[in-house]
Amino acid sequence: MQNAWTTATATGLGAALAESVAEGLFPGGVLTVGQTGVGRTTVGHGLVAPECGDARPGPHTRYDLASLTKVLATWPLIGVAVRTGRLDLDAPLRDRMPELPAPGGDLTVRHLLAHTSGLVPKTGLARYEHTGRPLIEHLCAEPLVSPPGDRHRYIDRGFILLGLLLPALLGRPLHLLAEELWRDLGLHRTAYGPLPRDPQLAPTERRLLGAPRTWGVPHDPSAALLGGVAGHAGAFSCSDDLAAYAEHLLTGASPLADWFAESLRPCATVEPGLHRGLAWLITADGSAYHHGYTGTSLFLSPATGRYVVLCTNAVYHGWDRARLADLRTLALHSLTTG
């Protein structure tokens, strides 16, 4: 089922996606436009990748989500911990894990979710390998670059910490917690890697000349170093699953709806007219969104129930923010158009 808005928006955004593909910016991509209670429209253009033969991207083509993992795995699992009374957003981390050193042990989960922790921005973790000390303790022992709550600085480190904290809170490894969550929501093609190479699994970047492309393992180096399962990156999904997830967030009957509403309260100013809530970016008109470095995005309008899902492997030829900037801007603005 479709309505005028989903049809017109899918047509317009699809044309912009097709233009990017025709210009050779990336091999292809797929987008889904929908509205709760009304229906959705999916449009794909180009190829999954040359390595995948003539396979075309569609609603079940899986892409590396990169930082969309933050809002598809870590953020909802933190919501479970809050809802079940296992976590206080404003209590120091070492209330739950007394062994965590300062200064990181004095941070709160709210600081980490809102990117106001003051943790160092770089995420190179290799220097902590083979030390015999848990990574979470190393990260908490690092000096802060600014006082907690002082300013917004988007970094991966806070969500890496959350991904290491969740097993201690909920009693199971992160990938099992996420799998249970996704299955309960009906997201059957969402998973942490590594995944077997497949024509409907999009490769990303070739990191070394002459080497195979990154394919079925995370593009993010820190997530790869952590075995593919991390709080900030590592998950793979498709536009159909992401659309179903959007509808869960935007439907009042969903167990995630209250947590989503709470998370849209501004915690930090990013720039004029744009704030960070708990994980999500929030616009002046109340829309919420998040991007993934590899070329994925999820845009939501709680007021109207509209959403746009964008899945591409835009890093296929190396990263260039301009490749998706215009399309992402169009997608965001489309939520309040028409």
Side-chain angles (χ1 to χ4, degrees), residues 10-34 40-69 72 179 182 186-221 223-224 228-229 233-245 291-298 308-324 326-328 331:
T11 299
L13 295 179
L17 173 61
E19 183 178 349
S20 296
V21 171
E23 290 174 0
L25 300 184
F26 43 88
V30 58
L31 59 89
T32 297
V33 177
R40 65 178 79 149
T41 303
T42 298
V43 177
H45 287 285
L47 297 172
V48 175
E51 291 83 353
C52 300
D54 61 359
R56 304 284 176 172
H60 298 136
T61 306
R62 292 203 278 195
Y63 287 85
D64 182 341
L65 294 184
S67 282
L68 275 191
T69 302
L72 208 73
E179 285 174 8
W182 295 329
L187 312 184
H188 297 296
R189 290 185 61 79
T190 302
Y192 273 109
L195 300 177
R197 294 182 176 186
D198 180 274
Q200 285 298 323
L201 173 63
T204 55
E205 191 174 1
R206 176 180 284 118
R207 292 296 181 80
L208 298 174
L209 185 65
R213 287 192 176 275
T214 304
W215 192 358
V217 294
H219 177 269
D220 181 272
V229 179
F236 294 79
S237 191
C238 63
S239 71
D240 203 46
D241 273 14
L242 291 173
Y245 185 64
H291 298 316
Y293 184 92
T294 47
T296 59
S297 295
L298 180 59
V308 176
V309 173
L310 175 65
C311 291
T312 76
N313 49 349
V315 294
Y316 186 86
H317 299 301
W319 175 242
D320 179 354
R321 188 179 299 274
R323 287 195 180 108
L324 281 179
D326 290 346
L327 181 55
R328 283 171 163 169

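Nearest heavy atom pair, residue Pro27 against residue Asn313, reads CD-OD1, 3.6 Å. Pairing each heavy atom of Phe26 with each of Leu17, the nearest pair is CE1-CD1, 3.8 Å. Gly29 and Thr312 get closest at one heavy-atom pair: CA-CG2, 4.1 Å. Between Thr296 and Tyr63, the shortest heavy-atom distance links the atoms CG2-CB, 4.4 Å. Thr190 and Leu72 make their closest contact through CG2-CD2, 3.6 Å (heavy atoms, listed as atom of the first residue, atom of the second, distance). The nearest pair of heavy atoms linking Tyr245 to Leu298 is CD2-CD2, 4.2 Å.
Salt-bridge annotation for Asp240 and Arg40: present, with a side-chain N of the basic residue lying under 4.0 Å from a carboxylate O of the acidic one. Salt-bridge check for Glu51 with Arg213: passed, with a basic side-chain N closer than 4.0 Å to an acidic carboxylate O.
Within the 3.5 Å criterion, the main-chain N or O of Pro59 finds no donor-acceptor partner in the side chain of Thr42. Not one N or O on the side chain of Thr204 forms a donor-acceptor pair closer than 3.5 Å with the backbone of Tyr316. Between the side chain of Asp241 and the backbone N or O of His188, at least one donor-acceptor pair lies under 3.5 Å. A distance-only check finds no donor-acceptor pair linking the side chain of Arg206 to the backbone of Gly318 [under 3.5 Å]. Side-chain atoms of Trp319 never come within 3.5 Å of backbone atoms of Glu205 as a donor-acceptor pair (strictly under, hydrogens ignored).
In this structure, Arg197 and Pro212 have side chains that are in contact, with non-hydrogen atoms separated by less than 4.5 Å. Between His219 and Arg207 there is a side-chain heavy-atom pair separated by less than 4.5 Å. No side-chain heavy atom of Trp215 sits less than 4.5 Å from a side-chain heavy atom of Pro194. Leu324 is listed as a side-chain neighbour of Leu310, based on a closest heavy-atom distance under 4.5 Å. The shortest distance between side-chain heavy atoms of Val21 and Glu19 does not fall below 4.5 Å. You'll find the side chain of Leu13 reaches within 4.5 Å of the side chain of Val33, heavy atoms only.
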Applying side-chain contact (heavy atoms from CB on, under 4.5 Å), run through His291 and Leu68 and close with a yes or a no. CA-CA 6 Å; His291 298 316; Leu68 275 191; 6.0 Å; no
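Distance check, rounded to the nearest 0.5 Å: SG of Cys238 to CZ of Arg189 gives 5.5 Å. For the atom pair SG of Cys311 and CG of Leu65, the computed distance is 6.5 Å after rounding to the nearest 0.5 Å. Here the straight-line distance linking atom OG1 of Thr294 with atom CG of Asp220 works out to 9.5 Å at 0.5 Å rounding. In this structure, OG in Ser297 is found 11.0 Å from CG in Leu31, a value given to the nearest 0.5 Å. For the atom pair OG1 of Thr69 and OH of Tyr293, the computed distance is 15.0 Å after rounding to the nearest 0.5 Å. Rounded to the nearest 0.5 angstrom, Leu25 CG and Ser20 OG are separated by 5.0 Å.
Sparse packing is recorded around CG of Asp326, with 12 or fewer heavy atoms of other residues, nucleotides or ligands lying under 6.0 Å away.
Screening residues 314-324 for salt bridge (charged side-chain N to carboxylate O under 4.0 Å, His left out), with sequence neighbours left out, gives no hits.
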